[in-house]
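Step one of this worksheet: look at the structure below.
Only a predicted model underlies this, so the values are computations on that prediction, with no experimental measurement involved. Numbers for residues simply follow the sequence, beginning at 1.
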Amino acid sequence: MPVHVLDHPLASHILTHLRDRTTKPATFRTLAYQLSLLLAIESTGDIETELKAIETPLESVQSRVLAHQSLVVVPILRAGLGMVQPFTDIFPDVSVGYIGLERDHETAQARSYYCKLPPLRGRHVFVVDPMLATGGSAVKALTVVKQQAPADVRLVCIVSAPEGVAEVEQHHPGTVIHTAALDRQLNDRKYILPGLGDFGDRLYGT
Ligand code: PRP
Ligand code: URA
């Protein structure tokens, strides 16, 4: 499966501060925004452009602009909300859909509690969720999204575990994953090691 791990010194720097247990929610939110912006740029590196005739102050030139394309970002609530704004900042015409999933603290199984999606047929969809742990949440979200026959679906994460990557590959083979880090393993409570703890709790101070 194509797993793209973000390779940039700034990404490593931001990730280190996200992992640090002493980082407080206000800083955590800023860092999450910054890292998600790098991921948004990286995960859209192959979107289509077209030539446009413009005049510089000196001469005429054919120069590239983004082709009209239909992008949709779908955060998995609630932690995924911390990754949306970079997409809407750099792609103002992007649509946003929401999938609410929550892991049971005992079983680590994701339970669905909300879903509101725009039409997805033929569109380029970016499912965003900072943590890919067991992969249960991502698999559920990808299943819902794919029912609407989008042109393609990518998964964009901040920290991924090998177990989660394998689960996504098993249920949705070939899904492209962009992640800022591929960590070592899950612990017995299905948290990522070394990880950064509970992303949602750290983002929202809960
Ligand atoms: C976290 C995280 C993912 C999920 C990953 O959400 O944001 O959605 O766990 O775990 P998985 O790969 O094992 O499914 P959580 O369920 O804690 O909800 P929250 O975003 O509301 O905090
Ligand atoms: N969800 C989180 O927020 N962190 C983990 O390590 C695993 C799931």
Hey, what's the ring geometry for F87 with F126, parallel, tilted or perpendicular (30° and 60° as the breaks)?
tilted
[X] side-chain N/O to [Y] backbone N/O, donor-acceptor pair under 3.5 Å:
X    : Y    : value
Q34  : I14  : no
R103 : G136 : no
Q69  : E48  : yes

Between OG of S43 and CD1 of I177, what distance do you get to the nearest 0.5 Å?
12.5 Å
Going from NE2 on H124 to CG on D46, what distance comes out if it is rounded to the nearest 0.5 angstrom?
9.0 Å
Could you state whether [X] and [Y] fall into the same hydrophobic cluster, counting links through intermediate Ile, Leu, Val, Met, Phe, Trp or Tyr residues with side-chain heavy atoms under 4.5 angstrom apart?
X    : Y    : answer
V74  : Y114 : no
L6   : L196 : yes
V128 : L31  : yes

Is it the case that over 12 heavy atoms from other parts of the model lie below 6.0 angstrom from the NZ atom of K146?
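Enclosed.
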I need the single residue from R111, K140, R78 that forms a salt bridge (charged side-chain N to carboxylate O under 4.0 Å, His left out) with E102. Which is it?
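Exactly one candidate clears the test, R111.
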What are the two closest non-hydrogen atoms of V94 and L71, and how far apart are they?
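Answer, listing the atom of V94 first, then L71: CG2-O, 3.4 Å.
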Which heavy atom of R19 sits nearest a heavy atom of A181, and at what distance?
NH2-CB, 3.6 Å
Check the side chains of S95 and R123 for a donor-acceptor pair under 3.5 angstrom, ignoring hydrogens and angles.
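Present: a donor and an acceptor within the cut-off.
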Under the side-chain contact (heavy atoms from CB on, under 4.5 Å) criterion, do H172 and T143 qualify, and how do the steps go?
CA-CA 8 Å; H172 297 289; T143 302; 3.0 Å; yes
